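These notes concern the structure reproduced below.
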Amino acid sequence: MDPVASAVRLAVQEALHILSSSEDGGHIISTLRSLRRYLGETETQAPAEEQEEFSRTHFSTILRCLVGKLSPDWLDLLPDGQLEELWASFFLEGPADQAFLVLMESIEGAASPSFRLMKMAQLLARFLSAGRMAAVMEGQCGQQVGPASRLLQETLLTRVVGLPDRLGNRLQRETLAAFFPQNYFPLLGEEVLRVLQAVVDSLRGGLDCSISFLSQVLGKACVHGRQKEILGVLVPRLMVLTQGNCLWQRVCWRLVERVPDRAMEAMLKGLVEASPGPEVLSRLLGNLVTKSKKAQFVMTRKLLFLQYSCSTPMLQSLLGYLAMDSQRRPLLVQALKELLETWGSSSAIRHAPLEQQRYVSKALLICLAHLGEAELQASRDELLASLMEGVKSRLDNSLPPVRRLGMIVAEVASARLHPEGPPLKFQYEEDDLTREMLALAAPRPVADGPLEAGPPVAPVGGESPDQETVDSGGPQAGREGSDSELDSDDELVPYDMSGDGEQRSSKTPAYVRDCLEALTASEDWERWEAALRALEGLVLKSPAATREVSLELAKVLLHLEEKTAVAGFEGLRQRALVAVTVTDAARVAEYLAAQFYALNYSLRQRMDILDVLALAAQELSRPGRLGRASQRGPLGPGSQPSGATVPAWQAVVEERVRRKTRRFCKGSTGRAAAAGPNEFNVVAGYFFFPLLQRFDRPVVTFDLLGDDQLVLGRLAHTLGALMYLAVNTAVAVPMGKALLEFVWALRFHGDAYVRQGLLSAVSSVLLSVPAERLLADLPDELLEARSWLADVAEQDADEDCRLLAVKALLLLEKLRDRLLPLSSP
Amino acid sequence: GKRMAAPAPDPQFTLRGAGSAVCALHFCSGAQGRPLLLSGSLRGLVHIWNLETRRPLAALDGHGGQCVTWLHTLPRGPQLLSQGRDLQLCVWDLAEGRSAVVDAMRLESVGFCRASILAEGPQRWMLAVPGRGNDEVQILELPSKTLVSCLKPEAGARLGMPMCLQLWQAESSPRPLLLAGYEDGSLALWDVSMRKLCSRAACHSEPVMGLALDPRRARGVSGSAEKALAVWSLEGQQALQVRGTHELTNPGIADLKIRPDSKILATAGWDHRVRVFQWRTMRPLAVLAFHSATVHCVAFDATGLLAAGSGDQRISVWSLYPPT
């Protein structure tokens, strides 16, 4: 045996013996001091070989022995905590990795709660605050990795990253602030930086280093979901350090390259999030995506297609990173192709959640903004084909947000892909989303210098409201004029001009028949417009006169075209039609419902029919409608004058009487809501059943189960509304039965809007049909509906569908709860 | 921030008793410098209103029950000129409370075009009236009533009838000019003495119903049956140039006047409303919705008072933005 080794072993064994048996403070302290020679901290250092032998073979043993001795009595063997200080110095100054492992081991092995546990935890906190973690990690950087130390490294790695969890488990509520993840991981980040600094220094000195342990620490911390804490410290510093420094950049690239594949996604996502922009990302990652298959997969597929959780700035960083280097740009082109394909795939449109569709659209616009003319032209045909297919499927869709995405992307993409053609322009309402998306589409410089600060200024500036001058030249000319006293009229303050509306003509017809005549025969457009405006009021005022011509009126209104630009034409026509339907419900509703399946109508008219039927049914079923209607008529003797017609003097008198009169008890002053029969009761059948009759029989111009699915969706919604409004009517049960059959027939319809209609129809049935009747008459239908609802609630791609299904399920539950006490004996 | 706007103003007072729609208004100063307002009605009467008592002083009946379309006073006498649709232009002597027609002229045109007058000297006036031909304007010299000039566009111009006239002479120039608005919506600038059409601008797409000129700025404004006012300028007294249009809420302008101090412009609207603009910028200042029928005419007096005459037989008098 090596003489050095045996000498050290002898000394250590003797020390161990003394430490374990002696009760003499002085003896213990001198033993410990003699051991410290091997740590190389005292004046009387042991020879280097002895020090090495000590730390390799005996240090852990000594530490474990020290841990074993730890007790209040032992520490009190010497006054003033001398012993404790000396004891701690072994952990804080000896080889850091072994000290760390023994600390962790003893903490996990200690009984909880105990004096030893707390002491060790405090020591670990000191260990951390003394920056020893950097020493732990640095120790792993210089080593040649053999099979033995790989295991050690793995143990270390688990302990380093899992420290907060382990300590938390152990200490429960007693845990120290230093071990909170939100404190520990930033510290770990700092320590990683210190090690990196040391690595850079030693590289400068020509020494070889491996930083794969640091990569593993970083990766594992990210996998543990601590990207924000650790990268929040690392990224800002690295951003500064890598600026214009090749060595630092290489170290940084190496750091991210060596992150294990299984941690790559977590690390990259965190990095994309923490980086303030594509330039920084590019500096930190280098060409990682071209070197690592996994990184490429994460950056070009996973974050774009398989997830949709990145924020818009993250997407911009990510795609901007791809755009910033010529080696990476092919990936961007490829990403654009795939994005466009996904965007345009009709199956994706039907099955992907709306949120994801927005995400893909945004990514698409950002790609387009980054790519240059030449790159786009190179694969123009392929891109255009995907685009056209997507635009078609999207515009066919019955959900407005999907259509709008189609319009926005089509406008932007066609302008980029086909710049020489006439620009595509759709009409859609501007809101925050459209503005955000259009801002994303603004082209940005391809050069990899820093981006211009701030978003590009919109080219079309709205005129400021004060600029109501005729033109800028006119007043300018005046100002240049010689007479300056003319121009001192800025103090003229405008009066309120809000009442300045358009003038109505006085050609308003006074009778329903006049309106009918004016709407059909009149070439006088002012009269035509006045008739349209007056019609609703006249119909409501004179129901008898309306009933004489109700069918003609309905027919005229249904076919009425907007011949002049009348503001609010659609609303006026609809309200008049609703008023006619309400006044003569049975006949007009039957007529309208029959026309719904007639041959020569536009989709617009068919949808108008549905809207009118629903609105009229709503009006008819409104409680208290009759009471209000009678108030509208001539006032009988002794009837209360309605509020609007009370003259001012009468109000004054009443107020005075009220103030001077003392009342000892007060009845309810407000008029109770008038109770009355549901007027919809008698006519609901006319509204409802004709609509159900022929939905599966297409005619030449109208195919509900084919292309006209938008109307089918509207039909389902309307039927649901009618069902809901038929609550408390006798006809509700057959209606519910018929409606459930309708729903059953269409339940697997591919269009989300249709399914939404069906789901709300089911809810209406549950709300409107009395519970006992549901169970007695429709038990099978209910069971079937329930399993279907459960499927939809779990699996449907559309969020609204899922929500509606859950609501319907809740209603079913409630129904069961109500019935159970009845059925149970 | 925007200051809270004051509610729309009310008229200072109204004059009732015209007996029919008020079609012409003119301010003048009567005896002892008392302000008077003259109004011409649809039924052919000219009322003289005392603005202090707010009562009519007299009603002059000289147009055989036909609409009085234009009124103007000459300092001599004072004399009153009134134009009626009975094709008469009457000269009244109003001095010392008299009210008698002292002279009358036969007019040639049955249109709605109002005459315009320009004082050439203390005793000589120049009068522009629509002429015999469909599209011509006659220039007469008063008091001699001599036809001095006949302004007729060239054969192919197709301007239609003259609808409104404004004679004008710049201080710097000895030559009187005539601005005429025509049926086709265009505005023409005539050099009266040369009988030459200097310039023409298509300001409107409907007949020009009225125009007002600000000689100090060499700028003017015109209104028509359409929904916009047109602002134009006279470049170097020679060329008419449209400077812009100002959109209105409702179509139809019957008359426009610029206040003598060139600060505000008032328009008489078919929509029953008088609109007031800051003339320099055309910024809308007020909408006076007082009348219940078409406003036919507006007039300003030297002190800034604004009068508006309407088909509802009332004359409203307003005091807005008093001149400082």
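None of the values given here were measured: they were computed from a predicted structure. The figures here come from the full heavy-atom set of this structure, side chains too, leaving out hydrogens, waters and symmetry mates. Numbered from 1 within each chain, the chains take letters A, B, ... in sequence-line order.
- With a 4.5 Å cut-off on non-hydrogen atoms, B:Ala289 does not touch chain A at all.
- Interface residue B:Thr249: backbone and side-chain heavy atoms are both found under 4.5 Å from chain A.
- Separating the CZ atom in B:Arg219 from the CZ atom in B:Arg280 is a distance of 9.0 Å, to the nearest 0.5 Å.
- By the ring pair (Phe, Tyr, Trp, His ring centres under 6.0 Å) test, B:Phe277 is found to be paired with B:His246, residues two or more places apart in sequence or in another chain being considered.
- Neither the backbone nor the side chain of B:Trp232 comes within less than 4.5 Å of any heavy atom in chain A.
- At most 12 heavy atoms of other shown residues, nucleotides or ligands fall within 6.0 angstrom of atom CD in A:Glu429.
- With sequence neighbours excluded, no residue forms a ring pair (Phe, Tyr, Trp, His ring centres under 6.0 Å) with B:Phe112.
- The contact between B:Pro9 and chain A is made by backbone and side chain atoms together, counting heavy-atom distances below 4.5 Å.
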